[in-house]
S.K.: 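Take this structure, written in structure tokens, and hold onto it; I'll ask about it next.
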Amino acid sequence: MRNGTCWLDDQGHTIQAHGGMITRFHEKWYWYGENKDADNCKVNGRLLSRVDVRGVSCYSSDDLHLWHHEGIVLPAEPTDPSSPLYPGKVCERPKVIYCEHTGKYVMWFHSDAADYTLANAACATSDTPVGPFTLQKTVTPNRRDCRDMTLFQDEGTGMAYLIHSGDWNKTLYLSQLDETFTDFTGVCFEAFPGQEREAPAFFKRQGLYYSITSGCTGWAPNSALYAVGQHLSNGLKLIDNPCEGEGCHETFGGQSTYIFEDQQRYYLMLDHWKPMDLRNSGYSILPIAFEKERMIIRWTDEF
Ligand code: GAL
């Protein structure tokens, strides 16, 4: 898989799982993401940097390389203009975690109006990792807006968080989920107040919490920053750009979307957005290295 390009599934079709995540359920890998398999929208002949909502795709794999399309597990709802899955809206950055308490797979995604002024989070659940997912609700978590977001489950405590850019992207919020993972406890931590970080990806390693985020420049790449902390509640401390080498100031042309772990190694997933041809946006997966305290990410041509 050549980093920075579109990848193909086991049928030779481009993988449509943008703004996504790779995770493991029962020894199998699953990749969820935005299906953007449509032409960019046009208004009066002018091309826009959006595609209509098609839904959330799921792919499965045994080896992280050969991916099988399990289908659109949360499809668009073209007949219902009030649905967050109506094609003219926005459904981005879907993430899925398993809830032991209810036995459900719980998906959250960024749900918005086409002009991004709604800034909601939406939740859907399924009995299996490959769907079908049923939409449960659309909310503003703890009355805060939600744009770029991710899910993070703290294995130590079992608590899960919807982590979302709020206050018009000024501050990142960690909204704690209740035991069903479909609602909030009301506990909410702030991270990076006033720092305007988005595209959050979180992980925990050797007892420390880490995040990688991007700046806010829309589809255009910018410098990533990593942060570290001993407690989620205190807010993590922003340290530096983890990327090194050519292209490091633009995250190698990509934007963070998720970090997954395999055999105690951590991998950063990036989207390489093509704003005027979104369906052909590329992917890369880069290993995260640690040298003493410092996090380092270097470009590799292949994953
Ligand atoms: C980016 C964000 C993407 C998408 C895009 C729209 O900042 O990370 O997920 O929302 O803006 O312009």
Side-chain angles (χ1 to χ4, degrees), residues 19 21-23 93 95 97 108 110 121 141-142 144-157 159-177 187-217 220-245 247-252 254-261 264-271 284-299:
M21 75 175 314
I22 289 175
T23 187
R93 296 185 178 267
K95 305 287 178 284
I97 51 176
W108 284 89
H110 167 200
N142 300 305
R144 294 192 168 98
D145 55 3
C146 168
R147 290 193 170 81
D148 280 8
M149 45 68 62
T150 192
L151 291 176
F152 172 70
Q153 188 172 11
D154 187 346
E155 282 181 3
T157 62
M159 300 306 288
Y161 298 82
L162 175 75
I163 300 176
H164 51 108
S165 301
D167 299 348
W168 287 95
N169 289 338
K170 286 204 169 35
T171 296
L172 197 70
Y173 290 100
L174 284 66
S175 293
Q176 193 177 65
L177 296 173
V187 173
C188 180
F189 308 131
E190 259 187 23
F192 324 138
Q195 295 285 329
E196 304 200 325
R197 306 306 299 168
E198 63 175 10
F202 274 65
F203 66 106
K204 190 177 185 180
R205 174 184 173 266
Q206 297 178 358
L208 291 177
Y209 299 93
Y210 292 89
S211 73
I212 295 178
T213 53
S214 77
C216 294
T217 54
N222 54 54
S223 268
L225 282 178
Y226 80 95
V228 62
Q230 284 182 312
H231 307 283
L232 292 176
S233 53
N234 291 353
L236 308 187
K237 184 175 153 193
L238 283 169
I239 308 288
D240 205 350
N241 180 358
C243 300
E244 268 191 19
C248 67
H249 297 300
E250 297 83 35
T251 318
F252 314 112
Q255 186 186 30
S256 45
T257 181
Y258 200 72
I259 293 160
F260 67 90
E261 179 264 336
Q264 293 176 11
R265 285 167 191 259
Y266 295 84
Y267 295 88
L268 173 64
M269 299 173 68
L270 300 177
D271 290 293
S284 56
I285 298 179
L286 302 174
I288 299 177
F290 288 89
E291 289 178 10
K292 297 207 176 107
E293 303 280 279
R294 191 174 148 64
M295 182 194 289
I296 297 181
I297 300 173
R298 298 188 181 93
W299 180 252

S.K.: For Ala201, does its backbone N or O pair with a side-chain atom of Thr150 as donor and acceptor, under 3.5 Å?
M.R.: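 No.
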
S.K.: Compare every heavy atom of Ala191 with every heavy atom of Leu174, then report the nearest pair and how far apart it is.
M.R.: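 Where Leu174 meets Ala191 most closely, the heavy atoms are CD1-CB, 4.0 Å.
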
S.K.: What are the two closest heavy atoms between Lys95 and Leu151, and how far apart are they?
M.R.: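 Heavy atoms only, the tightest pair is O-CD1, 3.4 Å.
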
S.K.: Report yes or no: does Asp145 contribute a side-chain atom to a donor-acceptor pair with the main-chain N or O of Trp168 at less than 3.5 Å?
M.R.: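 Confirmed, Asp145 side chain pairs with Trp168 backbone.
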
S.K.: Between Arg294 and Glu244, is there a side-chain N and carboxylate O pair less than 4.0 Å apart?
M.R.: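 Salt bridge flag = yes for Glu244 with Arg294.
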
S.K.: Look up atom OG in Ser175 and atom CE in Met149, then write down how far apart they are to the nearest 0.5 Å.
M.R.: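 Separation between the atoms: 10.5 Å.
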
S.K.: I'd like to know if the side chain of Ser165 and the backbone of Leu172 have a donor-acceptor N/O pair within less than 3.5 Å.
M.R.: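 Looks like no, no N/O pair under 3.5 Å.
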
S.K.: Under 6.0 Å from the six-membered ring centre of Trp108 and within 45° of its axis: does the NZ or CZ of Arg93 meet both?
M.R.: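 Geometry flag: not set, cation outside 6.0 Å or 45°.
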
S.K.: Strictly distance-based, threshold 3.5 Å: is any side-chain N or O of Thr171 a donor or acceptor partner for the main-chain N or O of Gly194?
M.R.: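 Looks like yes, one N/O pair under 3.5 Å.
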
S.K.: Is it the case that Tyr226 and Asn241 place a side-chain donor and acceptor less than 3.5 Å from each other?
M.R.: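 Distance-only check fails for Tyr226 and Asn241.
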
S.K.: Looking at every non-hydrogen atom in both residues, tell me the closest pair between Met269 and Ile285 and how far apart they are.
M.R.: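 Heavy-atom minimum between the residues: CG-CG1, 4.3 Å.
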
S.K.: Would you please test Asp154 and Tyr209 for side chain to side chain contact (heavy atoms under 4.5 Å, CB included) and show each step?
M.R.: CA-CA 9 Å; Asp154 187 346; Tyr209 299 93; 2.4 Å; yes

S.K.: Just do the salt bridge (Lys or Arg N to Asp or Glu O under 4.0 Å) check on Arg298 and Glu291 with the steps written out, would you?
M.R.: CA-CA 12 Å; Arg298 298 188 181 93; Glu291 289 178 10; 3.5 Å; yes

S.K.: Just verifying a value: how many Å separate Trp299 CH2 and Cys243 SG, rounded to the nearest 0.5 Å?
M.R.: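 So the gap between those two atoms works out to 10.0 Å.
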
S.K.: Return the NE2 to CZ distance between His110 and Arg147, rounded to the nearest 0.5 Å.
M.R.: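 Separation between the atoms: 6.5 Å.
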
S.K.: Considering only NZ, NE, NH1 and NH2 on the basic side and carboxylate oxygens on the acidic side, decide whether Arg197 and Asp148 come within less than 4.0 Å.
M.R.: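 Salt bridge: no.
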
S.K.: If we only count heavy atoms from C-beta on, is the Ile22 to Tyr258 side-chain gap below 4.5 Å?
M.R.: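 A side-chain contact is absent here, since even the closest heavy-atom pair is not under 4.5 Å.
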
S.K.: Does the ring centre of Tyr267 sit less than 6.0 Å away from the ring centre of Phe203?
M.R.: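 No - the distance between ring centres of Phe203 and Tyr267 does not fall below the 6.0 Å cut-off.
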
S.K.: Run the side-chain hydrogen bond (donor to acceptor under 3.5 Å, both in side chains) check on Gln255 and Ser214 step by step: do they pass?
M.R.: CA-CA 6 Å; Gln255 186 186 30; Ser214 77; 3.0 Å; yes

S.K.: Taking the side chain as every heavy atom from C-beta outward, state whether Met159 and Gln153 have any atom pair closer than 4.5 Å.
M.R.: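 No, side chains not in contact.
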
S.K.: With a 4.5 Å limit on heavy-atom distance, are the side chains of Tyr173 and Glu190 in contact?
M.R.: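 When only atoms from C-beta onward are counted, Glu190 and Tyr173 do touch, with a gap below 4.5 Å.
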
S.K.: Rounded to the nearest 0.5 Å, what's the gap from CG on Leu232 to OH on Tyr161? Could you check?
M.R.: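 The CG atom of Leu232 sits 5.5 Å away from the OH atom of Tyr161.
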
S.K.: Go through the steps to decide whether Leu208 and Gln230 satisfy the test side chain to side chain contact (heavy atoms under 4.5 Å, CB included), and finish with yes or no.
M.R.: CA-CA 5 Å; Leu208 291 177; Gln230 284 182 312; 3.6 Å; yes

S.K.: Considering all heavy atoms of both residues, which atom of Cys188 and which atom of Asn142 are nearest to each other, and what is their separation?
M.R.: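 That closest heavy-atom pairing would be CB-ND2, 3.7 Å.
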
S.K.: Within this structure, what is the CG-CG distance for the pair Leu236 and Leu225, rounded to the nearest 0.5 Å?
M.R.: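 Answer for the CG-CG pair, Leu236 versus Leu225, is 12.5 Å.
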
S.K.: Is there a ring-ring contact (aromatic ring centres under 6.0 Å, His included) between Tyr210 and Phe152? Walk through the geometry before answering.
M.R.: CA-CA 11 Å; Tyr210 292 89; Phe152 172 70; over 10 Å; no

S.K.: For the residue pair Gly254 and Pro221, what are the closest heavy atoms and their distance?
M.R.: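 Gly254 and Pro221 have their closest heavy atoms at O-CB, 3.9 Å.
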
S.K.: What is the distance from atom CD1 of Ile239 to atom CE of Met295, rounded to the nearest 0.5 Å?
M.R.: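 Reported value, rounded in 0.5 Å steps: 9.5 Å.
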
S.K.: If we only count heavy atoms from C-beta on, is the Phe202 to Ile259 side-chain gap below 4.5 Å?
M.R.: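 In short, these two side chains do not touch, never coming nearer than 4.5 Å.
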
S.K.: Hey, is the main chain of Asn169 close enough, under 3.5 Å, to the side chain of Asp167 for a donor-acceptor pair?
M.R.: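 Absent.
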
S.K.: Could you walk me through whether Leu268 and Ile212 satisfy the side chain to side chain contact (heavy atoms under 4.5 Å, CB included) test, starting with their C-alpha distance in whole Å, then the side-chain angles of each, then the deciding distance to 0.1 Å, before giving a yes or no?
M.R.: CA-CA 9 Å; Leu268 173 64; Ile212 295 178; 4.2 Å; yes

S.K.: Identify the two heavy atoms, one from Ala224 and one from Thr251, that lie closest to each other, and give their separation to 0.1 Å.
M.R.: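 Smallest interatomic distance, heavy atoms only, reads N-OG1, 3.2 Å.
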
